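Here the structure comes first, spelled out in structure tokens, and everything after it is commentary.
The figures that follow rest on heavy atoms only: side chains count, while hydrogens, waters and symmetry mates do not. Keep in mind that what you see is a predicted model, and the values were worked out from it rather than measured.
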Amino acid sequence: MDSADPATEAFVAHRNLLFTVAYEMLGSAADAEDVLQETWLRWAGVDLETVQDRRAYLVRITTRQALSRLRVLGRRRESYVGPWLPEPLLTAPDVAEDVELADSVSMAMLLVLETLSPTERAVFVLREVFDLDYDEIAEAVGKSQAAVRQITHRARAHVAARRPRDVVSPAETRDALQAFQQAVETGDLQSLLDILAPDVVVLSDGGGLKRAVARPVVGAGKVARLLTAGLSRFGAEVSAEPVQVNGHPGLIMRINGEIDGVVAMRIEDGLVAGIYFVRNPDKLSRVERETALSR
């Protein structure tokens, strides 16, 4: 692409924003990149003289492409082997500093967004995360402004009933993560029990390519035993590297120095309430380099 071309300059200027929109709608970086390719192909054919707001126009194209792909992905996920988790991203510190952005891309929130219909998800993301006007959203999803307002109200109520209850400080999250990391690396069952919430939930995603629990495991005792039993198979070969995953502290798990999976967590009242363990190798390419996100 010619960097001097106005269409290219506009696309590059808003690329991180467009990727973030697509990722929040799809939960997949690979599919978000495909959406951006499709967006560029359509954008390159637009007469820029007819475009008043290039950012809004690009977001509209991206949203429409993401909606089409989301409907296809919904059918594919019905045959997915085991629990499906979003593709984890290694993110820069500036993402964590934007509390609203970090919350919107967290594993816990992306799983909540999975429970919305495709149109509800698009409307919620564009309004609540990116603060687009109702007329812009209406153009993007092909609905009237009145319909978009109704969808926004419905999606807000749905998300509010399911989103994590408390806002946790970064320091509290780091403390919990460090305690969890130490317990995992030492295999100390009691230390694990001390840091796990009574109703902690573990979800793991192996995609049929790596071993993972077939359904959610609930309860501190069951989760602690699951983790210590799993880690005992690898012994001293296991190491955990603290990183920023989707805007929050997380861990990259390595065996013999090779990435085996990524752990993201949900913290409540200083305890680990949710553990999201992605082992599917097809979803781990983004944790070897930072992904730029923006609003």
Side-chain angles (χ1 to χ4, degrees), residues 13-29 32 35-36 53 55-56 58-60 62-63 66-67 70 85-138 140-141 148-149 151-174 176-177 243-250 264-270 273-274 276 286 290-295:
H14 298 299
R15 190 188 189 285
N16 292 345
L17 163 70
L18 302 178
F19 176 87
T20 308
V21 169
Y23 175 73
E24 291 204 22
M25 287 183 60
L26 300 168
S28 164
V35 163
L36 259 61
D53 186 334
R55 176 183 183 272
L58 280 163
V59 169
R60 186 190 314 168
T62 300
T63 300
L67 273 171
L70 186 58
L85 289 174
E87 183 177 350
L89 304 179
L90 190 67
T91 50
D94 65 325
V95 175
E97 292 167 3
D98 184 337
V99 176
E100 290 185 6
L101 177 59
D103 176 63
S104 70
V105 297
S106 69
M107 282 284 185
M109 179 55 77
L110 289 175
L111 286 174
V112 172
L113 294 181
E114 281 291 310
T115 65
L116 297 172
S117 72
T119 301
E120 286 174 338
R121 185 167 184 167
V123 168
F124 182 87
V125 166
L126 294 178
R127 181 62 184 171
E128 297 301 300
V129 182
F130 298 98
D131 198 30
L132 264 65
D133 293 334
Y134 287 109
D135 59 339
E136 293 177 297
I137 300 172
V141 302
V148 166
R149 289 178 184 275
I151 294 169
T152 301
H153 178 76
R154 186 167 64 244
R156 279 176 181 160
H158 185 99
V159 170
R162 293 163 176 79
R163 74 189 310 161
R165 295 189 295 272
D166 300 320
V167 176
V168 182
S169 70
E172 188 177 18
T173 300
R174 282 193 297 270
L177 181 77
V243 292
Q244 287 285 320
V245 177
N246 288 54
H248 297 271
M265 282 182 266
R266 175 168 54 87
I267 309 298
E268 292 181 3
D269 299 323
Y276 313 104
R286 285 272 176 168
E290 290 182 352
T291 297
L293 302 175
S294 70
R295 290 198 294 154

Problem set entry | Spacing of CG belonging to Leu116 relative to CE belonging to Met25, to within rounding of 0.5 Å | 11.0 Å
Exercise. Closest heavy-atom contact between Ala96 and Ala102?
Worked result: CA-CB, 4.1 Å
Using residues 125-132 as the side-chain source, report each donor-acceptor pair under 3.5 Å to any protein atom, sequence neighbours left out, with the distance given to one decimal.
unit_1: Arg127; atom_1: NH1; unit_2: Leu132; atom_2: O; d: 2.9
unit_1: Glu128; atom_1: OE2; unit_2: Arg156; atom_2: NE; d: 2.6
unit_1: Glu128; atom_1: OE2; unit_2: Arg156; atom_2: NH2; d: 2.8

Exercise. Nearest heavy-atom pair of Leu67 and Pro118: which atoms, and what distance?
Worked result: CD2-O, 3.3 Å
Problem set entry | Donor-acceptor pair, side chain of Asp53 and main chain of Ala56, under 3.5 angstrom | yes
Problem set entry | Taking every non-hydrogen atom, the tightest pair across Pro86 and Tyr23 | CB-OH, 4.4 Å
Problem set entry | Worked verdict on Glu136 versus Arg60 for salt bridge (charged side-chain N to carboxylate O under 4.0 Å, His left out) | CA-CA 8 Å; Glu136 293 177 297; Arg60 186 190 314 168; over 6 Å; no
Problem set entry | From Leu18 atom CG to Leu36 atom CG, the distance as rounded to the nearest 0.5 Å | 5.5 Å
Problem set entry | Whether Thr291 side chain and Leu89 backbone form a donor-acceptor pair below 3.5 Å | no
For this session: Check Ser104 against Leu110 and note the closest heavy-atom contact, atom names and distance.
Result: O-CD2, 3.8 Å
Problem set entry | Any Thr152 side-chain heavy atom under 4.5 Å of Glu120 side chain | no
For this session: Can you sort out the partners of Ala176 under side chain to side chain contact (heavy atoms under 4.5 Å, CB included), two or more places apart, ordered by chain and number?
Result: Ile195, Ile267
Exercise. Hey, are the side chains of Glu290 and Pro93 touching, using non-hydrogen atoms and a 4.5 Å cut-off?
Worked result: yes
Exercise. Among side-chain atoms of Thr173 and His248, is any donor-acceptor pair under 3.5 angstrom?
Worked result: no
Exercise. Would a 4.5 Å heavy-atom cut-off, applied to side chains only, mark Leu101 and Thr20 as touching?
Worked result: yes
Problem set entry | Side-chain heavy atoms of Leu90 within contact of Asn246, under 4.5 Å | no
Exercise. Quick one: does Thr91's side chain get under 4.5 Å of Val245's, heavy atoms only?
Worked result: no
Problem set entry | His158 NE2 to Thr115 OG1 distance, which is reported to the nearest 0.5 Å | 2.5 Å
For this session: Supply the atom-to-atom distance Ile137 CD1 to Thr63 OG1, rounded to the nearest 0.5 angstrom.
Result: 9.0 Å
For this session: Indicate the atoms forming the closest heavy-atom contact of Ala22 with Val35, along with that distance.
Result: CB-CG1, 4.0 Å
For this session: Report the residue from Val95, Asp98, Val21 that forms a side chain to side chain contact (heavy atoms under 4.5 Å, CB included) with Arg295.
Result: Asp98
Problem set entry | Flag side-chain contact, heavy atom, 4.5 Å: Met265 against Met107 | no
Seminar exercise, completed: Hits for side chain to side chain contact (heavy atoms under 4.5 Å, CB included) against Ala108, two or more places apart or cross-chain, chain-then-number order -> Ser106, Pro164, Arg266, Tyr276
Seminar exercise, completed: Taking every heavy atom of Ala32 against every heavy atom of Phe19, the minimum-distance pair comes out as CB-CE1, 3.7 Å
Exercise. Is the shortest heavy-atom distance from the side chain of Pro249 to the side chain of Gln244 under 4.5 Å?
Worked result: yes
For this session: Report yes or no: does Glu114 contribute a side-chain atom to a donor-acceptor pair with the main-chain N or O of Leu111 at less than 3.5 Å?
Result: no
For this session: May I ask you to say whether Glu24 pairs ionically with Arg121, meaning some side-chain N is under 4.0 Å from a carboxylate O?
Result: no
Problem set entry | Heavy-atom check, side chain of Asn16 versus side chain of Leu293, under 4.5 Å | no
